[in-house]
Amino acid sequence: MCGIVGAVAQRDVAEILLEGLKRLEYRGYDSAGVAIIHEGELKRTRRLGKVQELATALDESPLPGGTGIAHTRWATHGEPSERNAHPHISCGDIAVVHNGIIENHAKLREQLTALGYEFASDTDTEVICHLVHHELKSHDTLLAAVQATVKQLEGAYGTVVIDRRDPERLVVARSGSPLVIGYGLGEHFVASDQLALLPVTRTFAYLEEGDVAEVTRREVNIFDIDGNPVTREKKESEITHDAGDKGEYRHYMLKEIYEQPMALARTLEGRIANQQVLDTAFGDNAAEFLKDIKHVQIIACGTSYHAGMAARYWLEEWAGVSCNVEIASEFRYRKSHMFPNSLLVTISQSGETADTLAALRLAKEMGYKSTLTICNAPGSSLVRESDMAYMMKAGAEIGVASTKAFTVQLAGLLMLTAVLGRYNSMSDEMQKAISQSLQSMPAKVEQALGLDDAIAALAEDFADKNHALFLGRGDQYPIAMEGALKLKEISYIHAEAYASGELKHGPLALIDADMPVIVVAPNNELLEKLKSNVEEVRARGGLMYVFADKDAEFESDDTMKVIPVPHCDEFMAPLIYTIPLQLLSYHVALIKGTDVDQPRNLAKSVTVE
Ligand code: M6R
């Protein structure tokens with residue numbers, strides 16, 4: 001949440017900061033701002049709304065200067081407004097941008113007010129700039145003042161501080177919110193995501209938890225939590241294409257839906273040989289970690305949680321290991337039981353989701369035998385702190401609504417099923433069948449994308465609807481959940497998902513002509529049960545949209561529109577049935593005229609709890 005960019009260079013940095021913010025806008029988009037030091041003065045421009053508002057303001061009144069910080073905000077404390085937008089400034093000297101939540105901000109605000117500081121915003125962040133200003137009265141350097149400041153902060157922060165009296169220096173601190181340093185030639189940059197800096201550098205080093213660094217044009221000095229100088233490994237960015245570009249597509253979401261065949265092909269590359277999924281898909285030493293596993297605990301949030309829910313069906317039925325799946329924000333705050341030989345699996349597109357990260361840390365304290373993350377962000381906190389990582393290689397996902405990340409997560413989890421199955425009760429035939437299914441996924445997804453026009457026409461029916469119900473059974477129930485999440489997230493239609501066997505236990509009461517019911521119906525052993533549930537809806541005057549295998553023998557009539565989905569095997573069916581639901585939510589959002597890529601109130605990377 002919130003995007004941060006900073007730069008110290010010999011040239012004007014406003015353009016670099018602005019381009020960085022545009023690339024980070026998916027992280028938060030309710031207001032944006034920039035502060036730049038020029039000729040000993042701190043100049044700031046902030047705007048409510050998207051980064052474009054700020055860009056227009058900077059066009060009208062440019063801010064020259066070679067040292068600056070910038071921020072795009074997702075509000076936590078204080079409404080979205082210009083006065084709450086970052087950077088925040090103390091006494092005209094210190095400017096600060098911050099990502100995270102300072103939990104003890106109220107107490108610090110009281111102390112600082114008693115010291116004579118006047119607060120100009122409702123944010124938790126503002127305490128940081130006044131604290132740094134105050135600490136500079138008893139410390140010689142900005143670095144020392146920031147080190148003294150962060151000792152007083154409770155909560156999560158990624159923060160960058162500048163001082164107009166020390167104009168060629170950024171001081172950055174990380175605890176709980178990611179920060180990366182970008183290395184240029186005679187210039188340096190910082191950001192909350194390397195994506196922001198790709199136009200200016202490809203060499204990055206991630207700060208570790210508790211690190212504070214001072215960054216000048218010529219050097220970067222990093223100190224650990226105890227103040228000891230440390231080196232953090234510099235790496236070349238692995239991002240091979242520039243994700244900042246929508247190409248021919250109207251929205252990132254559509255582009256990312258259409259990228260799924262390619263993303264799946266990439267995730268499979270080098271991970272299947274001799275009709276078997278290789279252990280090394282999960283890291284070089286994965287065999288050692290996986291061979292004795294008898295139980296899997298999956299932790300994730302949102303869409304990633306739905307991927308985990310689907311995997312539970314596979315791990316228990318096909319791999320022969322028991323599996324629990326839990327939402328990270330619940331797991332981290334309750335006492336749970338750990339079975340012997342348990343593997344903890346986190347699933348996360350961003351690798352920085354605060355609740356998921358906290359759950360991983362808790363699981364490590366609890367003594368899980370090993371930890372694995374299914375993650376799309378190399379170098380992210382989850383990757384660095386887990387024993388094993390399945391790198392999704394889906395390519396950057398910019399649309400807030402997760403699409404290609406979900407299907408690639410499903411593919412990764414199916415591979416995990418095959419590998420754990422091999423160490424437990426899975427036959428060679430089944431391993432072979434799973435490998436074949438995985439390899440044919442990209443082509444099958446391509447076929448499913450062919451439903452786009454039919455679904456665009458169908459979407460018209462939803463334009464005047466306020467509610468929708470999604471039904472599925474077995475491993476299609478999580479797919480129904482994901483379909484409902486997509487629809488509510490980008491079209492603001494209230495949508496709920498039910499395991500269709502649950503209908504008669506309450507939700508049937510909701511059925512009427514204004515409640516469209518979307519059914520996912522592959523041709524599997526639960527089909528006949530699902531058909532009975534469809535009849536229950538029909539008998540109550542419900543209007544249904546059934547995504548069904550062509551052999552499932554559903555017929556369109558007055559009460560039901562049947563959309564035939566390409567025939568597919570049971571291993572890939574959840575993934576294939578996801579595609580039409582993604583397209584449906586996209587087209588409904590288009591008709592409703594909502595902001596598809598940046599839906600209201602949301603952010604892509606949820607780095608606060
Ligand atoms: O980065 P993560 O996968 O950990 O994010 C978890 C959720 O915030 C995320 O999946 C969210 O639900 C999606 N943006 C919904 O489309």
Side-chain angles (χ1 to χ4, degrees), residues 253-254 257-258 260-261 401 403 406-407 410 441 443-465 467-488 490-491 493 495-498 500 511 513 515-524 526-538 542-570 572-592:
M253 183 183 177
L254 190 63
I257 288 174
Y258 271 86
Q260 289 177 107
T403 52
F406 180 67
T407 47
L410 290 178
M441 274 175 187
K444 199 56 92 172
V445 168
E446 196 81 62
Q447 270 184 43
L449 287 168
L451 293 171
D452 198 359
D453 289 346
I455 291 172
L458 195 79
E460 303 280 348
D461 292 9
F462 289 75
D464 60 343
K465 297 289 184 285
H467 309 277
L469 206 56
F470 285 71
L471 301 179
R473 290 194 83 124
D475 61 5
Q476 293 287 345
Y477 168 43
I479 302 312
M481 293 168 79
E482 175 58 9
L485 176 62
K486 285 292 86 90
L487 189 69
K488 72 182 110 177
I490 60 166
S491 73
I493 291 178
E496 286 196 63
Y498 273 92
S500 52
I511 302 296
M515 170 74 92
V517 178
I518 296 111
V519 185
V520 272
N523 193 3
N524 61 20
L526 291 171
L527 182 63
E528 289 312 313
K529 303 269 175 219
L530 188 77
K531 283 185 171 172
S532 307
N533 304 136
V534 163
E535 289 312 316
E536 290 164 6
V537 175
R538 196 202 298 271
L543 189 56
M544 281 172 292
Y545 299 85
V546 183
F547 293 94
D549 187 284
K550 65 177 171 32
D551 297 336
E553 294 174 354
F554 283 100
E555 298 274 320
S556 289
D557 59 24
D558 289 353
T559 61
M560 181 154 82
K561 288 193 182 172
V562 180
I563 304 93
V565 176
H567 183 67
C568 56
D569 66 52
E570 60 178 333
M572 68 166 82
L575 194 146
I576 299 304
Y577 280 76
T578 299
I579 309 296
L581 301 189
Q582 293 172 343
L583 290 168
L584 179 66
S585 61
Y586 175 75
H587 287 294
V588 174
L590 269 193
I591 292 168
K592 296 209 98 167

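Between Leu469 and Ile511, the closest side-chain pair of non-hydrogen atoms falls below 4.5 Å. With contacts defined as side-chain heavy-atom distances shorter than 4.5 Å, the pair Ile518/Phe462 qualifies. Residues Met253 and Ser585 form a side-chain contact, since some pair of their non-hydrogen atoms from C-beta on lies under 4.5 Å apart. Annotation: side chain of Ile257 is not in contact with side chain of Asp452 (no heavy-atom distance under 4.5 Å). With a 4.5 Å cut-off on side-chain heavy atoms, Leu530 and Val519 count as touching. Considering only heavy atoms from C-beta on, Leu449 comes within 4.5 Å of Pro261 through its side chain. Residues Leu451 and Ile579 fail the side-chain proximity criterion, which asks for heavy atoms closer than 4.5 Å.
Scanning for ring-ring contact (aromatic ring centres under 6.0 Å, His included) contacts around Phe554 gives an empty result, with sequence neighbours left out. Remark: His567 pairs with no residue by the ring-ring contact (aromatic ring centres under 6.0 Å, His included) rule, at least two apart or across chains. Qualifying side-chain contact (heavy atoms from CB on, under 4.5 Å) partners for Glu460, counting only residues two or more places apart in sequence or in other chains: Ile591. The side chain to side chain donor-acceptor pair (under 3.5 Å) search around Ser500 returns Asn533, not counting sequence neighbours. By the side chain to side chain donor-acceptor pair (under 3.5 Å) test, Tyr586 pairs with His251, sequence neighbours left out. Considering only residues two or more places apart in sequence or on other chains, Ala484 meets the side-chain contact (heavy atoms from CB on, under 4.5 Å) condition with Phe470, Ala495, Ala497. Every residue was checked against the side chain to side chain donor-acceptor pair (under 3.5 Å) condition with Gln476, not counting sequence neighbours, and none meets it. Every residue meeting the salt bridge (Lys or Arg N to Asp or Glu O under 4.0 Å) condition with Lys531, not counting sequence neighbours, appears here in chain and number order: Glu528. Take Leu543 and apply the side-chain contact (heavy atoms from CB on, under 4.5 Å) test, not counting sequence neighbours, and it matches Tyr545. Every side-chain contact (heavy atoms from CB on, under 4.5 Å) that Glu570 has, sequence neighbours left out, goes to Trp318. With sequence neighbours left out, Thr403 forms a side chain to side chain donor-acceptor pair (under 3.5 Å) with no residue at all.
Atom NE2 of residue His467 and atom CD1 of residue Ile493 lie 10.0 Å apart, to the nearest 0.5 angstrom. Rounded to the nearest 0.5 angstrom, Leu487 CG and Glu496 CD are separated by 12.0 Å. One finds the CG atom of Leu527 at 10.5 Å from the CZ atom of Arg473 (value rounded to the nearest 0.5 Å). In this structure, CD in Glu482 is found 13.0 Å from OH in Tyr477, a value given to the nearest 0.5 Å. For the atom pair Asp569 CG and Asn523 CG, the distance stands at 12.0 Å (nearest 0.5 Å). Note: Leu575 CG to Lys444 NZ = 12.0 Å, rounded to the nearest 0.5 Å.
Every pair passing salt bridge (Lys or Arg N to Asp or Glu O under 4.0 Å) that includes a residue from residues 549-562 is listed here, sequence neighbours excluded: Asp461-Lys561, Arg538-Asp557.
Considering every non-hydrogen atom in both Lys592 and Lys465, the closest pair reads NZ-O, 3.5 Å. Considering every non-hydrogen atom in both Gly474 and Pro478, the closest pair reads O-CD, 3.4 Å. When all heavy atoms of Cys568 and Ala573 are compared, the pair lying nearest together is SG-CA, 3.7 Å.
If you run side chain to side chain contact (heavy atoms under 4.5 Å, CB included) between Pro574 and each of Val520, Ile479, Thr407, only Ile479 comes through.
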Could you walk me through whether Thr578 and Gln260 pass the side-chain contact (heavy atoms from CB on, under 4.5 Å) check?
-> CA-CA 11 Å; Thr578 299; Gln260 289 177 107; 5.5 Å; no
